[in-house]
Every structure is written in structure tokens, then in C-alpha cells.
Trainee: 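What follows is a structure written as C-alpha cells; I'll ask about it next.
Since the structure is predicted, the reported quantities are computational estimates derived from the model, not experimental observations.
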Amino acid sequence: MSYKRIEEFSMADDYETAENFAQTRAIMAPFLGLLVLLMQQGIFFSWDWGSDSLVQIFVWLAFALIMLGLLLTGGGWFLPKRARTLANDEVTKANRQRGITVGFVAAMITGFLVWAVSPFEPLHAQRAANIIVSMGLGCAFVSYGVAEMVTNAGDA
């Protein structure tokens with residue numbers, strides 16, 4: 001087998017890997033958004049906000065940072081570079097940017113609501129941050145995922 005022939009097989013494999021990843025990501029993104037929102041509800045009502053448990057703080061912070069990393073990069077961290085580049089085409093980047101914009105607006109509106117409610121129902125700073133970040137990330141993933149699903153449905 002010649003080197004050119006092997007490279008063609010590799011390119012076809014990367015294209016197929018990228019296509020499979022893009023379809024899986026389109027399906028998973030809205031569910032990740034809902035997971036963030038549901039976890040926020042569970043954390044909000046079950047945690048003891050008066051305690052300064054470092055475990056609680058670091059678990060939530062790690063989860064939020066991983067979700068933010070997935071949103072900003074599009075995921076696919078373990079794919080070959082060529083497949084990741086193919087999966088993150090211009091349409092996907094536009095969909096992700098739209099999701100980030102929706103998430104930012106959701107976080108801002110949630111921040112305004114937390115501020116407006118705080119004189120009547122004082123919130124612990126961690127609780128307020130949890131609400132704001134979770135709403136922003138959750139709405140961003142749902143928006144991004146729905147846009148990706150619509151895009152992939154149009155391709156099929």
C-alpha cells in the first residue's frame with residue numbers, strides 16, 4: 001500500500017469519526033443543558049449553604065468549569081486533531097456562538113432577578129453564583145444543542 005492510499009483511508013476515517021461525533025454532540029448537548037439545570041435544582045435544595053464544605057465547593061466548581069470548557073471548545077478532546085477540525089465546521093461554530101450568547105443573556109437576566117429578589121429573600125453568595133452560572137450554562141447548552149439538531153436534521 002502506498003503512503004497516499006493510507007492517507008486517503010485515514011482522511012475517510014477522520015471524516016466518519018467527525019460526522020459521528022457531530023451527530024452525537026447534537027443529541028447530547030440539550031440533555032447536558034437539562035442535566036446542568038436539574039443538578040442545579042438538586043444542589044440548590046439539598047446542600048447546606050451555611051457550611052463551608054470544600055468538597056461541595058470544588059465539586060460544583062469542577063463540574064461548572066468542565067461544562068464551560070465543553071461549551072467553549074465544542075468537546076471532542078479525545079478525537080484526532082483532523083477529526084476535531086472537521087467536526088467544528090463554520091455552522092457548528094455559529095451554533096455554538098449562538099448558544100454562548102443565549103447563555104450569557106440568561107445569566108445576565110438571572111443575575112438581575114437574584115439582585116431584585118435579594119432584599120426580600122437574602123441569598124448566600126454561593127447560592128446566588130450557583131443559580132446564575134447554572135442557568136447560563138444550562139440555557140447555552142440547550143440552545144446550542146437544539147441549533148445543532150436542526151442543522152443536522154437539515155443535512156439528513
Trainee: Which heavy-atom pair separates A18 from A83 by the least distance, and what is that distance?
Mentor: CB-O, 3.2 Å
Trainee: Could you pull out the closest heavy-atom pair between A64 and L137, with the gap in Å?
Mentor: O-CD1, 3.7 Å
Trainee: For E148 and N95, work out which heavy atoms get closest and say how close.
Mentor: OE2-ND2, 2.6 Å
Trainee: Search all heavy atoms of I132 against all heavy atoms of A107 and return the closest pair with its distance.
Mentor: CG2-O, 3.6 Å
Trainee: In sequence, state the C-alpha distance, the side-chain angles, and the governing distance for T17 and L79, and then conclude on side chain to side chain contact (heavy atoms under 4.5 Å, CB included).
Mentor: CA-CA 8 Å; T17 301; L79 293 178; 3.5 Å; yes
Trainee: Measure the CG-CD distance between L123 and E121 for me, rounded to the nearest 0.5 Å.
Mentor: 6.5 Å
Trainee: Looking only at heavy atoms, what is the nearest atom pair of L70 and W77, with distance?
Mentor: N-CZ2, 3.7 Å
Trainee: Going only through I, L, V, M, F, W and Y residues with side-chain contacts under 4.5 Å, is there a path from V102 to L72?
Mentor: no
Trainee: How long is the straight-line distance from CD1 of I100 back to SG of C139, given to the nearest 0.5 Å?
Mentor: 14.0 Å
Trainee: For the OG1 atom of T73 and the CZ atom of R84, what is their distance to the nearest 0.5 Å?
Mentor: 8.5 Å
Trainee: Do the side chains of V133 and L35 join up, straight or via other hydrophobic residues, at under 4.5 Å, putting them in one cluster?
Mentor: yes
Trainee: Please check if F63 and F141 belong to a single hydrophobic cluster, counting links between Ile, Leu, Val, Met, Phe, Trp and Tyr side chain heavy atoms closer than 4.5 Å.
Mentor: yes
Trainee: Name every donor-acceptor pair, under 3.5 Å, that has one atom in a side chain of residues 22-34 and the other anywhere in the protein, sequence neighbours excluded.
Mentor:
{"from": "T24", "atom 1": "OG1", "to": "N20", "atom 2": "O", "distance (Å)": "2.9"}
{"from": "R25", "atom 1": "NE", "to": "Y144", "atom 2": "OH", "distance (Å)": "3.3"}
{"from": "R25", "atom 1": "NH1", "to": "G74", "atom 2": "O", "distance (Å)": "2.9"}
{"from": "R25", "atom 1": "NH1", "to": "N88", "atom 2": "OD1", "distance (Å)": "2.9"}
{"from": "R25", "atom 1": "NH2", "to": "A87", "atom 2": "O", "distance (Å)": "2.9"}

Trainee: Heavy atoms only: give me the nearest R96-L71 pair and the separation to one decimal.
Mentor: CD-O, 2.6 Å
Trainee: Under a 4.5 Å cut-off applied to non-hydrogen side-chain atoms, are T92 and D89 in contact?
Mentor: yes
Trainee: Under a 3.5 Å cutoff, is there a donor and acceptor pairing between the side chains of R127 and N130?
Mentor: no
